[in-house]
A.B. asks: 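This is the structure, below, for whatever I ask next.
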Amino acid sequence: IYAILRTLSVATAMPGPLLIIIAGGMLFGMGPAIGLSLVGEVLGSLLLFYAARHAFGTGKRPPPKFVERVRQGYQANPVSYTLFLRLVPLFPFGGITVALAWLRCPVWLFTLATALGGVIMLVFETAIGAGLGQSIASGQSLSPHLILEPHIWLPLLGLGLLALAPVLVQRFRSG
């Protein structure tokens with residue numbers, strides 16, 4: 001049921017996927033929650049990917065010139081662009097999925113990049129839920145002081161550092 005809920009949340013861009021992931025960490029612990037979330041994330045992404053591809057047509061109509069220029073740039077280095085878009089939390093997950101469908105990303109590359117990027121994010125997000133579950137199981141009440149527990153603030157710090165990845169990439173390229 002949890003994997004189906006994750007699949008639907010990703011495929012429909014339903015609000016609150018982070019809450020679903022945190023709840024999974026609380027209910028199942030790290031390993032099972034990451035596995036179930038990843039299955040739901042990849043399946044939901046593939047549903048959205050194929051729906052977007054269908055909506056954009058099969059390529060029978062010529063795209064606008066701007067679209068064709070972007071697509072040509074992408075086609076020159078599809079692996080690098082796809083991995084960058086999936087691993088760096090620069091744009092919304094669903095938006096990247098639709099963009100990759102529009103760019104005609106190969107399905108194998110889309111699936112691999114989605115799984116790899118998904119695992120990285122899910123480790124941090126699930127750890128927050130697992131930490132909350134651990135705190136509740138040990139008899140602590142949900143209160144603001146829980147943020148001071150290492151099993152809560154460390155994953156939050158990791159997510160914060162991951163969010164800074166685009167800035168670091170930009171500084172590395174310019175410097």
Side-chain angles (χ1 to χ4, degrees), residues 2-26 33-57 59 63-64 66-130 132 152 154-173:
Y2 176 78
I4 292 169
L5 181 62
R6 269 300 282 144
T7 300
L8 292 174
S9 75
V10 172
T12 62
M14 213 169 65
L18 180 60
L19 295 176
I20 295 169
I21 295 167
I22 290 172
M26 290 174 71
I34 290 171
L36 291 168
S37 290
L38 186 61
V39 167
E41 191 162 297
V42 170
L43 290 176
S45 293
L46 283 168
L47 288 171
L48 181 58
F49 181 82
Y50 280 118
R53 271 215 174 154
H54 180 74
F56 294 134
F66 168 75
V67 171
E68 192 54 39
R69 279 187 297 210
V70 171
R71 190 176 290 156
Q72 286 174 356
Y74 172 81
Q75 293 299 332
N77 296 298
V79 173
S80 296
Y81 279 101
T82 302
L83 288 174
F84 175 78
L85 289 170
R86 272 302 188 222
L87 294 175
V88 178
L90 196 58
F91 301 108
F93 189 85
I96 296 299
T97 298
V98 171
L100 289 171
W102 173 65
L103 291 169
R104 299 280 185 234
C105 178
V107 176
W108 70 267
L109 178 57
F110 173 82
T111 305
L112 181 68
T114 299
L116 182 60
V119 163
I120 292 169
M121 291 300 291
L122 287 170
V123 165
F124 294 111
E125 294 167 347
T126 304
I128 295 168
L132 286 171
I152 303 296
L154 282 173
L156 287 172
L157 177 65
L159 277 174
L161 292 174
L162 195 57
L164 290 175
V167 174
L168 297 174
V169 168
Q170 185 179 24
R171 284 193 178 230
F172 178 72
R173 285 186 174 176

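Just so it is clear, the values below take in all heavy atoms, side chains as well, and ignore hydrogens, waters and symmetry mates.
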A.B. asks: Would you say Leu116 has more than 12 foreign heavy atoms packed within less than 6.0 Å of its CG?
C.D. replies: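 Check passes, neighbour count above 12.
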
A.B. asks: Please enumerate all residues that pass side-chain hydrogen bond (donor to acceptor under 3.5 Å, both in side chains) together with Tyr74, with sequence neighbours excluded.
C.D. replies: Thr82

A.B. asks: Spell out, as yes or no, whether a donor-acceptor pair under 3.5 Å connects the side chain of Glu125 to the backbone of Ile34.
C.D. replies: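 Not at all, since once roles are kept as given, no pair shorter than 3.5 Å links the two residues.
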
A.B. asks: Compare all side-chain heavy atoms of Arg6 with those of Ile21 and state whether any distance is below 4.5 angstrom.
C.D. replies: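 A side-chain contact under 4.5 Å exists here.
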
A.B. asks: Heavy atoms only: give me the nearest Ala52-Ala101 pair and the separation to one decimal.
C.D. replies: CB-CB, 3.7 Å

A.B. asks: Locate the shortest heavy-atom distance separating Leu122 from Ser37; write the atom from each residue and the value.
C.D. replies: CD2-CB, 3.6 Å

A.B. asks: Search all heavy atoms of Phe49 against all heavy atoms of Cys105 and return the closest pair with its distance.
C.D. replies: CZ-O, 3.3 Å

A.B. asks: Tell me every residue that passes side chain to side chain contact (heavy atoms under 4.5 Å, CB included) with Leu46, counting only those two or more places apart in sequence or in another chain.
C.D. replies: Val42, Tyr50, Val107, Phe110, Thr111

A.B. asks: What is the minimum heavy-atom distance between Ala33 and Thr126, and which atoms define it?
C.D. replies: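 Nearest heavy atoms, Ala33 then Thr126: CB-CG2, 3.5 Å.
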
A.B. asks: Closest approach of Pro78 and Leu109, non-hydrogen atoms and distance?
C.D. replies: O-CD2, 3.6 Å

A.B. asks: Return yes if some donor-acceptor pair links the side-chain N/O of Tyr2 with the main-chain N/O of Ile20 below 3.5 Å, else return no.
C.D. replies: yes

A.B. asks: Is the closest side-chain heavy-atom distance between Val10 and Leu48 below 4.5 Å?
C.D. replies: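 No; the side chains remain at least 4.5 Å from each other.
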
A.B. asks: Would you give the length of the straight line joining atom CG of Leu47 to atom OG1 of Thr97, rounded to the nearest 0.5 angstrom?
C.D. replies: 11.0 Å

A.B. asks: State, with a plain yes or no, whether a side-chain heavy atom of Phe93 is found less than 4.5 Å away from one of Glu41.
C.D. replies: yes

A.B. asks: Taking side-chain hydrogen bond (donor to acceptor under 3.5 Å, both in side chains) as the test, write out the residues that go with Thr114, two or more places apart.
C.D. replies: Arg86

